[in-house]
There are 2 protein chains.
Amino acid sequence: MKEMNKTNQQILHYTGNFLQCRGYNGFSYSDISRKLGIKNAAIHHYYPQKEDLVATFLEVSRHKFAANIAQVAESGGSAREQLQYYFDYALKEFDEGKSICPPGSVMLDFEELPEKVKKQHLLLLDEILTWLSRVLKTGLEQGELNFSDPVDVRADAIFETLLGARQLSSIKGRKTLVRSISLIKSDLGWRD
Amino acid sequence: MKEMNKTNQQILHYTGNFLQCRGYNGFSYSDISRKLGIKNAAIHHYYPQKEDLVATFLEVSRHKFAANIAQVAESGGSAREQLQYYFDYALKEFDEGKSICPPGSVMLDFEELPEKVKKQHLLLLDEILTWLSRVLKTGLEQGELNFSDPVDVRADAIFETLLGARQLSSIKGRKTLVRSISLIKSDLGWRD
DNA sequence: CCTTTTTTACTTACTAGTAAGTAAGTGTGC
DNA sequence: GCACACTTACTTACTAGTAAGTAAAAAAGG
């Protein structure tokens, strides 16, 4: 991977900002270059094609997710604490104006996406859903959670609800997202 | 409103097909005109600007929704039957390749949308959420459903989960959507 | 330490393609 | 003859992507 100097980092930063608001076809190299005060072509220096840019963004997102999750888990976080971290992360991103999660940002365009973007998207999606299932399983075993459906179905449902909730909340406001997260917990048998 | 001849109806039909897959900026007048075997400019004859086209599509969607719902309600449909109609509709649209519902299709682009599109979107969204709340309330009162949260929060959650579930299912397949609908029901205390 | 070479990080200037939108013209049926 | 349903032909604006060039920093060599 290319060296991560400041410009490169900023490119990826704004890629996230735009991608997680407007999707793959919703932003251009010019949107990013204007933000950085550089020229369009400068981004091609780092990422020859748009697919390179977005694939790298998704890959970096996956590595960050894995690292963050690993840290929470290693520091002895319970299932509830790990889930709470995930919910807080969604809220934090929402507060930054990002109304879609990284995997969600390219989900609708999936079919017509270049192969390398598809690949990174599927890796990221799988990383998240697999982790969610694992945490839910632990939560059940430890008695921290209580529900009667298969963990992987419940994992999908949490992901879906957050995905939809962030989108609806971008119109109805933060309170809607907060309430939806409460409802997810409540449906997990998570009663304080 | 312009007369609804065949071409006009087909334009709106394909607008739905594209919009509910790829969103506001994900399709062009050419996409539609190619499907109909007419020229780009012919669509401008019916809808001078894209905002006219999409606003009309949303308005028609709302009228159709209201009519369908009214029909089910008038024919003595219970709360469960009315909800089931809604779920079936989501499944039917999913089977047609539409991975977003009509209000969801412009949700992400909302902020930068022309005013008349915003307006129609909000009207449609409100129509659906208000109806959902009303049905949930009835379902509780009649003992057909059982849950402990405010009906409007639960209505948002159902909408959000379907919104997200259709998107995730466009990648993971129909079974994912079917299972998510089952989970929604189960969380409503809907046990057969 | 100083010079030469190479690399990095861009800019300028361009191409080809596609988007929305417009104006003027054509054919057809009442 | 005139309104309707288009087509032809166009403009303006923006997109991804490329080719060639440049200034400065880093690396290499003596």
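All chains are named by letter (A, B, ...) in the order of the sequence lines, taking the proteins before the strands, and each is independently numbered beginning at 1.
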Distance test, side-chain N/O of Thr7(B) to OP1/OP2 of dC6(D), below 4.0 Å: yes
Tell me: CD1 of Ile32(A) to P of dC10(C), nearest whole Å? 14 Å
Check the distance between dA13(C)'s C1' and Asn40(A)'s CG and give it to me in whole angstrom. 12 Å
Candidates dT12(C), dC10(C), dA16(D) - which lies nearest the side chain of His44(A): dA16(D)
Starting from P on dT18(C), measure out to CZ on Arg34(B) and report it in whole angstrom. 8 Å
Base, sugar-phosphate alone, or nothing: which one does Lys39(A) contact when heavy atoms must sit under 4.0 Å apart? base
Aromatic rings His44(A) and Tyr29(A): how do their planes relate, parallel, tilted or perpendicular, breaks at 30° and 60°? tilted
Side chains of Gln20(A) and Glu96(A): any donor to acceptor distance under 3.5 Å? no
Please check if the side chain of Lys50(B) supplies one atom and the backbone of Tyr24(B) the other of a donor-acceptor pair under 3.5 Å. yes
In whole Å, I'd like the distance from the OH atom of Tyr46(A) to the C1' atom of dT7(C). 12 Å
When you measure from the side-chain N and O atoms of Tyr47(B) to the phosphate of dA20(C), is any distance below 4.0 Å, counting only OP1 and OP2? no
Rounding to an integer number of Å, can you tell me how far Ile43(A) CD1 sits from dT15(D) C1'? 13 Å
What do you reckon, is NZ of Lys39(A) surrounded by more than 12 foreign heavy atoms closer than 6.0 Å? no
Quick one: on DNA chain D, does Gly37(B) or Ser28(A) contact a more 5' nucleotide (nearest heavy atom)? Gly37(B)
Quickly work out the Leu53(B) CG to dG21(C) P distance and round it to whole Å. 10 Å
Heavy atoms from C-beta onward define the side chain here; which of dA9(C), dA5(D), dT11(C) lies closest to that of Asn5(A)? dA9(C)
Using 30° and 60° as the class limits, which term best fits the ring planes of Trp190(A) and Phe87(A): parallel, tilted or perpendicular? tilted
In whole angstrom, give the distance that lies between atom CD1 of Ile38(A) and atom P of dA23(D). 19 Å
Less than 4.0 angstrom between a side-chain N/O of Ser30(A) and OP1 or OP2 of dT15(D), yes or no? yes
Separation of atom OH in Tyr29(A) from atom P in dT12(C), rounded to whole Å: 19 Å
Measuring from the side chain of Ala41(A) (C-beta onward, heavy atoms only), which nucleotide among dG21(C), dA19(D), dT8(C) has the closest atom? dA19(D)
Of the candidates dA16(D), dC10(C), dC6(D), the side chain of Lys50(A) sits closest to dA16(D)
